[in-house]
Amino acid sequence: MENRRFVLASRPDGLPRPENFRLESGPVPTPADGQILVRNVYLGVDPGLRPALADAHTGDEVDDEFEPIPLGELVGYFDAGIVERSRHPGFAPGDWVTGMLKWQEYGVLDGAAARKLPPELPPSTGLGVLGIPGLSAYFGLLELGAAQKGETVLVTSAAGTVGSIAGQIAALRGCRVLGTAGTDEKCRRLREEFGFAAAVNYRTEKNLAAAIRLAAPEGVDVLFDNVGTRMVSDILPLMRPFGRIVACGQIADYGVPPEQLPGLRNTNRFITHRLTLRGLFVHDFAESFPRALAELSEWAGAGLLRCHEDIETGFERLPAAFAQLFTGENAGRKLVKIDERDRDGH
Ligand SMILES: NC(=O)c1ccc[n+]([C@@H]2O[C@H](COP(=O)([O-])OP(=O)(O)OC[C@H]3O[C@@H](n4cnc5c(N)ncnc54)[C@H](OP(=O)(O)O)[C@@H]3O)[C@@H](O)[C@H]2O)c1
């Protein structure tokens, strides 16, 4: 049995392209004691992979996760699949699990690095509401953003996976939620399906701050940012006293050479309005994941928290699906599904 996998062929120059990845094939790995062999079914396509494709160190001494991926190495992030063989007492063949299996058909995980998915929810939920995106939204909004009932929360890239979940959690907490997104259809979905009070199309709106001010004349208490410095600079003058900015992602800045980054403007507002900006690294909250997952599962089970999924079928689609994230062609959680006909090239 063959195991197809994507490795890094070249480092992207600006936007990633499918040619940056190479399809290879090798043997299916064998689990050691304490490990499980997982057959991947839903593969995660995540913008957070982009910084690791660059050759510059971005996180330096802070965490290995920010180290660049060497050329020729397996790429990818978290996936969801079915246990094929188990040498760990906590898992049995047939269990659905999620873990960092990366872009390959079969992968081995240590038992401690795998998490069983609840049978009562679709397994793809394990990569959305019950995955790293849901956890990032939860801890970013509630711990770093400390969003309180009655406050105004603004989410950028709000129709994306993390953004849409953060907005829904804010609405559940009794906040007034605004969002930015790149198409009118995404803005419509935010208002009509995800409970946002207002949504602004940042691509067509000439004056973003003025459009947001119209929707929130009282200003913004929590800015949950997934986009980066240019948008944060535009929104800074709208921040209310003691406002909190959560730097979750910088998708507009990934791959931009440091000398071309726009830099932060309007920073005097930090002093005059006692603002804070905190960077989120979701794995810092790993010890509290079980508590968050219990609450997220409850909301998802009750139909209060959803994630729009954008699923393609076919393992070979992974590189093209990844490129779509940076042009906004994806609509929600981008996943690639491997079905049985696709597996092993059939
Ligand atoms: N800090 C952490 O621990 C952590 C954990 C997970 C994810 N993240 C970060 O969170 C962010 C969101 O992740 P996600 O999984 O929600 O992504 P996603 O669902 O894949 O959404 C990506 C969306 O970003 C928007 N976008 C792309 N390029 C843009 C640009 N130049 N300017 C403005 N918007 C742009 C597009 O929507 P539009 O149509 O609206 O443009 C695109 O659909 C990413 O930056 C990711 O790296 C951080």
Side-chain angles (χ1 to χ4, degrees), residues 14-16 43-54 58-59 62-63 65-66 77-78 100 124 127-129 131-141 143-145 155-169 179-190 194 196 199-205 208 224-235 245-256 260-262 277-286 289 292 307-312 321-336:
L15 291 183
L43 292 102
V45 182
D46 293 272
L49 179 61
R50 175 65 186 87
L53 304 181
T58 50
V62 178
D63 203 287
E65 193 131 328
F66 296 108
Y77 199 43
F78 281 73
M100 207 192 277
S124 56
L127 298 176
V129 171
I132 295 300
L135 292 163
S136 304
Y138 184 96
F139 290 106
L141 183 82
E143 299 283 337
L144 301 193
V155 183
T156 63
S157 186
T161 321
V162 177
S164 65
I165 300 171
Q168 291 172 83
I169 296 174
T180 65
T183 69
D184 290 343
E185 170 56 19
K186 288 181 182 180
C187 289
R188 184 203 62 75
R189 185 178 302 139
L190 291 176
F194 289 131
F196 283 60
V200 177
N201 182 338
Y202 73 91
R203 286 188 200 269
T204 55
E205 190 55 64
L208 186 68
F224 189 107
D225 180 52
N226 293 302
V227 170
T229 35
R230 196 183 302 272
M231 219 175 257
V232 173
S233 296
D234 287 346
I235 296 164
I245 300 171
V246 181
C248 174
Q250 299 190 313
I251 196 162
D253 295 341
Y254 296 162
V256 178
Q260 288 172 29
L261 283 171
L277 184 150
R278 286 277 306 276
L280 172 72
F281 184 57
V282 67
H283 299 288
D284 288 346
F285 294 93
F289 281 3
C307 173
H308 191 84
E309 292 177 342
D310 178 344
I311 303 179
E312 292 194 38
F322 179 64
Q324 288 178 7
L325 306 182
F326 302 88
T327 55
E329 285 166 81
N330 66 315
R333 180 54 167 135
K334 190 82 197 177
L335 299 173
V336 166

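Keep in mind that the numbers below use all heavy atoms, side chains included, and drop hydrogens, waters and symmetry copies. Bear in mind that the values here come from a model prediction, so they are computed numbers and not experimental data. One-based numbering along the sequence shown. Order of listing sets the numbers, starting from 1, for every ligand and every atom in it.
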Could you identify the single nearest non-hydrogen protein atom to [atom] and state the distance to 0.1 Å?
{"atom": "atom 43 (O) of ligand 1", "answer": "Asn330 OD1, 2.5 Å"}
{"atom": "atom 27 (C) of ligand 1", "answer": "Leu325 O, 3.1 Å"}
{"atom": "atom 36 (C) of ligand 1", "answer": "Gly328 CA, 3.6 Å"}
{"atom": "atom 6 (C) of ligand 1", "answer": "Ser136 OG, 3.4 Å"}
{"atom": "atom 30 (C) of ligand 1", "answer": "Ala252 CB, 3.8 Å"}
{"atom": "atom 45 (O) of ligand 1", "answer": "Tyr254 OH, 3.1 Å"}
{"atom": "atom 28 (N) of ligand 1", "answer": "Phe326 O, 3.6 Å"}
{"atom": "atom 13 (O) of ligand 1", "answer": "Pro47 CG, 3.6 Å"}

For Glu329 and Thr327, does a side-chain donor sit closer than 3.5 Å to a side-chain acceptor? yes
Arg188, CZ: over 12 other non-hydrogen atoms inside 6.0 angstrom: yes
Looking only at heavy atoms, is any part of Asn226 under 4.0 Å from ligand 1, and if so is it the side chain, the backbone, or both, or is it neither? both
For ligand 1, note which part of Arg50 has a heavy atom under 4.0 Å away: side chain, backbone, both or neither. neither
Does [X] reach ligand 1 with a nitrogen or oxygen that is under 3.5 Å from one of the ligand's nitrogen or oxygen atoms?
{"X": "Lys186", "value": "yes"}
{"X": "Leu280", "value": "yes"}
{"X": "Gly182", "value": "yes"}
{"X": "Thr161", "value": "yes"}
{"X": "Thr327", "value": "no"}
{"X": "Tyr202", "value": "yes"}

Taking it one step at a time, do Tyr202 and Asp234 satisfy side chain to side chain contact (heavy atoms under 4.5 Å, CB included)? CA-CA 11 Å; Tyr202 73 91; Asp234 287 346; over 6 Å; no
Return the orientation label for the Phe139 and Phe285 ring planes: parallel under 30°, perpendicular over 60°, tilted otherwise. parallel
At their closest point, which heavy atom of [X] faces which heavy atom of [Y], and how far apart are they?
{"X": "Gly44", "Y": "Leu335", "value": "CA-CD2, 4.0 Å"}
{"X": "Asn226", "Y": "Ser157", "value": "CB-CB, 3.8 Å"}
{"X": "Asp310", "Y": "Asn330", "value": "OD2-CA, 3.3 Å"}
{"X": "Gly128", "Y": "Thr161", "value": "CA-CG2, 4.4 Å"}
{"X": "Pro47", "Y": "Leu325", "value": "N-CD1, 3.4 Å"}
{"X": "Phe196", "Y": "Gly163", "value": "CZ-O, 4.1 Å"}

Ranking Ile132, Asp225, Ile251, Val162 by closest non-hydrogen atom to atom 7 (C) of ligand 1, top hit is Val162
Report the member of Gly160, Gly179, Cys248 with the shortest heavy-atom distance to atom 4 (C) of ligand 1. Cys248
Do any N or O atoms from the side chain of [X] and from the backbone of [Y] form a donor-acceptor pair under 3.5 angstrom?
{"X": "Thr180", "Y": "Val200", "result": "no"}
{"X": "Arg189", "Y": "Asp184", "result": "no"}
{"X": "Arg50", "Y": "Ile251", "result": "no"}

Dump the intermediate steps for side chain to side chain contact (heavy atoms under 4.5 Å, CB included) on Val246 and Leu141, then the final yes or no. CA-CA 7 Å; Val246 181; Leu141 183 82; over 6 Å; no
Show which atoms of ligand 1 fall inside a sub-4.0 Å distance from at least one heavy-atom site of [X].
{"X": "Gly48", "answer": "47 (O)"}
{"X": "Arg203", "answer": "41 (O)"}
{"X": "Phe281", "answer": "3 (O)"}
{"X": "Gly249", "answer": "9 (C), 45 (O)"}
{"X": "Ser157", "answer": "23 (C), 24 (O), 25 (C)"}
{"X": "Gln250", "answer": "45 (O)"}
{"X": "Val227", "answer": "32 (N), 33 (C), 34 (N)"}
{"X": "Val282", "answer": "3 (O)"}

Worked verdict on Ser164 versus His308 for side chain to side chain contact (heavy atoms under 4.5 Å, CB included): CA-CA 8 Å; Ser164 65; His308 191 84; over 6 Å; no
